[in-house]
Amino acid sequence: MAKESVTGAPATRRDSGFLLVHPNTLSTISSSGSGDGPPGTNQGTAPEVSTNMTSPPSLSHKEAAPVQGKPETCDMSTQTPERHISFSPKTCAELLYSKALSRDQLIHEYHYFKWRGVRLSTLKIRECSSSDFPPRINGELLIALNNQIYCDFSNTIEDFDIISNSVSYLAEKSMELAQTVGESEKDKSPVTPNSTTPSPTRSAELDPDETAFFSPRSSPKQRLEGVHDTPSSPGPISLPESVCLFIPELPFADLTVENVRETIPFEVTLRGGRKVSYYGSEPYSYGKTTHRSNPYLAGPLFERIFERLTPILGSDFTKENYSCLATLYENGSVGIPHHSDNESQIASDSTIHTISLGGKRTLQFRSTTGLFFEHNVELPHGSVYSMTTASQSAWSHSIVREQSISDPRISLTFRRMRSSEQADTDSTSHPAVERPVTVPPIKPPTPIKPLIAMGTHRRILLLTDSVLKDTPEHIFSRIADGSYRCVKKTGEMTSSSEYDSSITQQTFFLDCSKVIGDIIYITDTKFDEENGIIVGHSISEVGVFGAGDCVNIPDIAHMTTNAAFPIESDTVIEIKCNHPWFTLSGVEEITCVLDWTYNYNGGREPSCTQDVSLTCLPVNIKKGKSGILPVTKSRDHVTWDTVTWTVLDGSGSTILEGSCQTDCDGIFSFSKVETAGVHTYSVLIEKEGETVSCNSRFAVFGTLIYFLSS
Ligand SMILES: O=C(O)CCC(=O)C(=O)O
Ligand SMILES: [Fe+2]
């Protein structure tokens with residue numbers, strides 16, 4: 001007996017998030033419209049596809065037909081099988097919600113589906129923070145899987161009876177198996193639980209009174225047969241014989257519900273309205289219910305049951321070995337939810353045999369691992385079905401509630417229990433259900449070729465060392481679509497007193513981690529140590545577009561990276577900042593800022609008209625030092641204006657010239673000046689028609705300029 005509910009398992013298929021996987025084509029297959037789809041499934045809607053996908057292999061599905069000479073499978077269906085499969089809820093849950101699934105794996109899966117041409121349209125990768133990134137991808141995968149991915153294939157459960165941690169693996173695997181489908185079914189040999197040499201029943205030996213429950217009847221057939229089932233989901237045509245078998249004919253057709261009720265008291269009522277009585281030498285607990293050991297009732301009922309079944313099921317089918325849970329379902333509104341009888345008190349190799357009396361009810365099997373299959377098996381009055389150990393480890397079963405049924409039903413379920421001594425000496429619980437779990441290796445799919453990079457997967461990471469609280473937003477507004485989202489600021493200074501000029505080089509790493517299509521903008525703040533002023537910001541841009549398609553637009557000279565271009569999408573880029581006014585510290589993680597707050601210049605957007613002051617600024621550059629020539633005053637004023645500046649010699653000839661927008665803020669940087677040759681020059685600074693001339697003395701060596709005095 002199992003728990004009353006299966007944690008996490010959906011109540012209905014419709015609710016369950018079953019996954020339909022069609023890895024090898026996304027082009028034409030739609031759901032059958034049978035209503036079996038998962039929530040949100042676009043039934044009948046062709047999924048978004050990549051046009052160059054190959055067609056699915058065409059598969060022939062066998063009609064369900066009993067195989068002669070061996071036990072029948074459980075199939076009475078004449079339905080045409082659906083041409084897709086789904087994964088069981090457990091597998092889905094493990095796959096999509098497992099903590100074991102790393103972020104990398106999720107990203108891997110994500111890209112797998114992208115690569116397969118599945119449009120993961122709702123994922124806003126760039127809008128997520130690192131903490132909710134995996135769930136978002138999970139959600140997206142779930143949607144994608146539910147809606148768009150189908151597998152054209154049918155096979156028996158064993159082949160897919162795996163607990164997967166990789167959708168892509170399953171998808172690839174299913175493609176392989178799709179090629180061989182059909183063959184394996186044919187070759188399956190039946191599993192016959194406790195098969196025995198039949199012997200005649202001994203009912204004739206019973207006291208005439210004891211036979212009152214039972215009509216005289218012929219010997220039952222002495223073998224088990226596969227039950228007949230109706231697949232209620234796409235999947236194997238028959239319920240595998242390794243799951244459930246019937247004793248042919250109806251061994252207890254002569255035993256009525258009323259007969260049994262006269263003997264069995266059904267004193268315990270369980271949740272859902274089932275009434276139970278328990279008999280057996282060992283106690284039995286399931287869910288919150290515990291049954292103490294309880295001797296079998298004397299009298300004809302159990303005597304006769306064992307007499308009839310032992311010859312069929314095997315000599316160990318005895319009252320000593322087997323317990324009986326008798327369950328009364330007063331009518332069709334009482335059922336038993338999906339569960340597996342996998343309690344540790346049940347012997348690991350016990351087949352569970354059930355006599356079904358009264359109203360004809362439906363026994364439903366669902367696979368719990370690997371692919372999803374669902375089978376309905378009708379339980380007519382007087383029938384006996386046997387569930388194998390496999391049925392408990394890889395399947396759940398339930399008695400479906402059917403409101404229209406008014407007849408009561410009684411089931412007598414026999415389990416071989418482990419003895420107390422066994423239980424004491426063997427502390428391992430449940431070998432029966434601890435079947436080896438094959439966790440397929442996470443097999444990387446064929447290398448992901450990004451379908452498109454630029455503009456499609458665009459995410460922009462802004463890395464800044466701003467000495468201000470936040471880097472002004474407009475600094476990044478040059479970025480074409482303005483779609484920057486993420487800003488990384490570490491080691492930022494909050495005041496100029498924190499500035500450490502001894503830091504001349506720092507290295508940080510930027511892990512692009514397969515985020516294809518990223519554009520990474522790296523900003524820095526220029527800080528005039530001598531004057532204690534911030535003189536501007538700069539941006540470096542790195543595009544990560546996947547193999548063969550990368551760009552680097554270094555905008556500033558003082559940042560270098562180790563990255564050879566093009567950059568592979570999973571490259572770790574090392575960026576060195578080797579100027580004294582940088583105070584970048586390590587960048588380990590990327591933080592996405594969703595609620596960007598503009599906090600530069602007291603929140604005021606700089607104005608392009610008022611902020612640049614064209615004045616001759618004091619310059620103090622010493623020999624042996626690097627430095628800057630401030631051209632504009634920019635502590636609080638940063639504009640879009642383009643400023644040009646020219647260094648002129650005494651004769652008016654241009655010695656040096658340059659221009660910058662205010663995001664580089666009119667500076668000109670020096671390398672170390674080792675030798676000073678003294679000359680007098682003038683500097684002409686222009687901005688939007690305004691001109692300022694500062695007559696200053698500079699020492700200029702080649703491209704080096706050394707300021708002497710104004
Ligand atoms: O009533 C039945 O046939 C099934 C009962 C059952 O699954 C159980 O007792 O565990
Ligand atoms: Fe059960």
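In this text the structure is predicted, and so the values were computed from the model without any measurement. Each ligand, and each atom within it, is numbered from 1 in the order the structure gives. These numbers come from the heavy atoms of this one structure, side chains and all, not from hydrogens, waters or symmetry mates.
Of all atoms in ligand 1, listed by their number and element, those nearer than 4.0 Å to a heavy atom of His397 are 7 (O). Per-residue contacts place Tyr385 under 4.0 angstrom from the following atoms of ligand 1 (heavy atoms of the residue considered): 2 (C), 3 (O), 4 (C). Atoms of ligand 1 found under 4.0 Å from any heavy atom of Leu325 (numbered from 1 in listed order, with element): 9 (O). Near Tyr329, the atoms of ligand 1 lying under 4.0 angstrom from a non-hydrogen atom of the residue are 1 (O), 2 (C), 4 (C), 5 (C). The Asp341 neighbourhood of ligand 1 comprises atoms 10 (O), with distances under 4.0 Å to a heavy atom of that residue.
Checking only distances, Thr354 never comes within under 3.5 Å of ligand 1, N or O to N or O. An N or O contact shorter than 3.5 Å is missing between Thr327 and ligand 1 by distance.
Checked by atom type and distance alone, the side chain of His381 never pairs as donor or acceptor with a backbone atom of Asp254 at under 3.5 Å. A donor-acceptor pair under 3.5 Å links the side-chain atoms of Ser383 to the main chain of Pro380, judged by distance alone. Checked by atom type and distance alone, the side chain of Ser386 never pairs as donor or acceptor with a backbone atom of Ile352 at under 3.5 Å.
A heavy-atom distance below 4.5 Å is not found between the side chains of Thr289 and Tyr278. Side-chain atoms of Arg409 and Thr327, non-hydrogen and from C-beta on, never get closer than 4.5 Å to each other.
In this pair, Trp395 and His375 present their aromatic rings tilted. The plane angle is within the 30 to 60° band. In this structure, Tyr322 and Phe317 have tilted ring planes: the angle between them lies in the 30° to 60° band. Using the six-membered ring where Trp is involved, Phe302 and Phe414 have ring planes that are perpendicular, over 60° apart on the 30 and 60° scheme. In this structure, His397 and Phe365 have tilted ring planes: the angle between them lies in the 30° to 60° band.
Heavy atoms of Ile352 found under 4.0 angstrom from ligand 1: none, in either backbone or side chain. Contacts with ligand 1 closer than 4.0 Å are made by no heavy atom of Arg274, backbone or side chain. Contacts of His339 with ligand 1, taken as heavy-atom pairs under 4.0 Å, involve the side chain alone.
Draw a line from the Fe ion (ligand 2) to NE2 of His397 and another to NE2 of His339, and the angle between them is 90° (to 10°).
In this structure, of Arg415, Arg361, Arg409, the residue bringing a heavy atom nearest to atom 10 (O) of ligand 1 is Arg415.
The name of the N, O or S atom in Asp341 nearest to the Fe ion (ligand 2) is OD2.
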